[in-house]
Amino acid sequence: MIAQHTMIRTRFAPSPTGYLHIGGARTALFSWAFARHHAGTFILRIEDTDLERSTPESVDAILQGMSWLNLDYDEGPFYQMQRMPRYKEVLAQLLASGLAYYCYASKEEVETMREQQRAAGLKPRYDGRWRPEPGKTLPAIPDNVQPVVRFKNPVEGSVAWRDLVKGTIEISNAELDDLIIARPDGTPTYNFCVVVDDWDMNITHVIRGDDHVNNTPRQINILKALGATLPLYGHVPMILGADGERLSKRHGAVSVMQYLEEGFLPEALLNYLARLGWGHGNEEVFDMTQFVEWFNLEAISRSPAKFDPEKLLWINQQYLKAADNERLATLVRPFMEQQIGPLASTPPLAEVVQLLKERVGTLVELADAAHLFYRYIEPAAELLEQHLTAETVPALQQLTAQFAQIEWTRESIHDAIKAAVADSGLKMPKIAMPLRVIAAGVTQTPSIDATLALIGQDTVVQRLQQQLAKAVI
RNA sequence: GGAAGGUUCGUCUAGCUGGCCUAGGACACCACCCUUUCACGGUGGGUACACGGGUUCGAAUCCCGUACCUUCUACCA
């Protein structure tokens, strides 16, 4: 139990080396939900100390992703590059107190050392050649070598913590070596920045991917050396692709924003992500308010989950069906206009959406299905040939005459078609299919009366007259 | 190679303080129903406790071993 008087503070700390991906988004979601559940504070921190790979574009992409998903943060974004003076201050402190030391071994030297260890079947680790010990003589400091700074990790014992997701984890200090906390140019490395940040920002719960499990004992050791209060840790398993390997570009969409482009609703993605590796009884479809209420770290699965695009699609469909027509119209419009240009004002897009939203899985599909209401799809010759026959054309001609006269509502269209069916003695599909083909250009539409009603009386009658006149029987 | 974690239907999972489990739900799949096409919806169906030992009257649930999976093993984060 967490003492309730302690204000809970969590953070999401991505490195800006690309878009916000699915795995990161889920970690962010869990961290966010935990903070919200406890009425705590959620912090966004950009870990941009890798100058080689960090880009401003990636920062924007991450911010955009968070915003689209509605994962709001209370503090930040903080940028590690802006906290350099603070890191250097702590670094100097560690150096001065003998808890860290300079290492003059070159990159190449360390690499050959590791090679030898590997060849000998040993675990590759820094051998401590520059680590000061009482009574030990250090090598002569070479000229022209800028040293790195290494943390003096404890040699004996082990580090253990009660992981909020995985239970107690214990790692022997023998597994850890003296990690580099500052590069030759003086810039601090990841594990050090994280420690200083989590400490300074009073993070109470570190919720992150379980690829960080092995960093945790190192960070705990540094935190202890600094005399800091330790946060609690919870490591959530990775998301795997269908083939069981870590989710990557090969598996299709991994960028959160790509789901926006593919016509997914943010709440659907969130719902899916929440269910991936976490469950609350048999609940499948729930909103974020509900999720926040239910969320707990203990229920997170300890094993990695595979990403299933099919189920995401299904959830998206559930949200589409339930979504407000006007909102959906606003969301789907750009998809349509990108394809067919500005939309006419009739039929009202919201009404078209109302008719179609239960039949599609994404906004892209919705847009595709809605196109026929705004531009004529010329029926293919084979379709006309197939559906305009000696037995159907007379009935259709009569129906067209009816259509020209009736009040243009779904009900009266329905009645007129029913009458045509009765008069001609034909089966309903014999009438309905040619109507679809002529009026919509396709064989798959919602119920024919509703479809015709939205296409409009003049348009429908005109198309019928035109095609029936051309029909060769 | 070493370390850490994991292993319930094809997938996500419920269950894991042992008996209510001849293992539940959802996606996907198949069949049927509905039907004005395609969908939606409804009903039904098949498929899972990795393997081997133990503890116990009784194990998916506890213990041990084996196999397999994932992650980490950077002057990346």
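Naming convention: chains lettered A, B, ... in sequence-line order (proteins, then strands); numbering from 1 in each chain. When reading the values below, keep in mind they use all heavy atoms of this one structure, side chains included, and skip hydrogens, waters and symmetry mates.
Considering only the side chain of Gln444(A), rU37(B) comes nearest among rU37(B), rA77(B), rU36(B). Of the candidates rA77(B), rA4(B), rU11(B), rA4(B) carries the atom nearest the Val213(A) side chain, counting heavy atoms from C-beta on. Distance from the side chain of Asn191(A) is smallest for rA77(B) among the nucleotides rU71(B), rA3(B), rA77(B). Checking rC12(B), rU71(B), rU36(B) against every side-chain atom of Ala305(A), the shortest atom distance belongs to rC12(B). When each of rU36(B), rC76(B), rA3(B) is scored by its nearest atom to the side-chain atoms of Glu175(A), the top-ranked nucleotide is rA3(B). Of all nucleotides listed (rG41(B), rA3(B), rC75(B)), rG41(B) comes nearest to the side chain of Lys321(A). Closest to the side chain of His414(A), from the set rA77(B), rU36(B), rC75(B), is rU36(B). You'll find that the side chain of Ile169(A) is closest to rA4(B), out of rA77(B), rA4(B), rU36(B).
The aromatic rings of Phe295(A) and Trp278(A) lie tilted to each other, with the angle between the two planes from 30° to 60°. Ring planes of Phe307(A) and Tyr272(A): perpendicular class, angle over 60° (limits at 30 and 60°).
Residue Arg53(A) is in base contact, counting any heavy-atom pair closer than 4.0 Å across all strands shown. Within 4.0 Å of Ser106(A), counting heavy atoms only, lies at least one base atom of the nucleic acid.
Annotation: rU17(B) and rG6(B) have their P atoms spaced 15 Å apart (nearest Å). With C1' as the reference atom, rA48(B) and rG54(B) are 24 Å apart, rounded to whole Å.
No side-chain heavy atom of Cys103(A) sits under 4.5 Å from any side-chain heavy atom of Ile180(A). Residues Val206(A) and His212(A) form no side-chain contact, since every pair of their non-hydrogen atoms from C-beta on lies 4.5 Å or further apart. For the pair Phe335(A)/Asp368(A), no side-chain contact is recorded, criterion being any heavy-atom separation below 4.5 Å from C-beta on.
Residue Arg302(A) places at least one side-chain N or O closer than 4.0 Å to OP1 or OP2 of rG6(B). Dashed line: the shortest gap from a side-chain N or O of Arg183(A) to OP1 or OP2 of rA77(B) is under 4.0 Å. Residue Arg208(A) places none of its side-chain N or O atoms closer than 4.0 Å to OP1 or OP2 of rU71(B).
If you take CG on Leu435(A) and CG on Leu464(A), they are separated by 6.0 Å, rounding to the nearest 0.5 Å.
Between Thr17(A) and Pro446(A), the one whose closest nucleotide on RNA chain B sits nearer the 5' end is Pro446(A). For the pair Arg436(A) and Leu240(A), both in contact range of RNA chain B, the more 5′-proximal nearest nucleotide belongs to Arg436(A).
Checked by atom type, the side-chain pair Tyr87(A)/Asp197(A) shows a donor-acceptor distance below 3.5 Å.
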Exercise. Starting at the 5' end of nucleotides 15-30 of chain B, put B wherever the base has a protein heavy atom under 4.0 Å, S where only the sugar-phosphate does, and a dash everywhere else.
Key: ---------BBBSS--

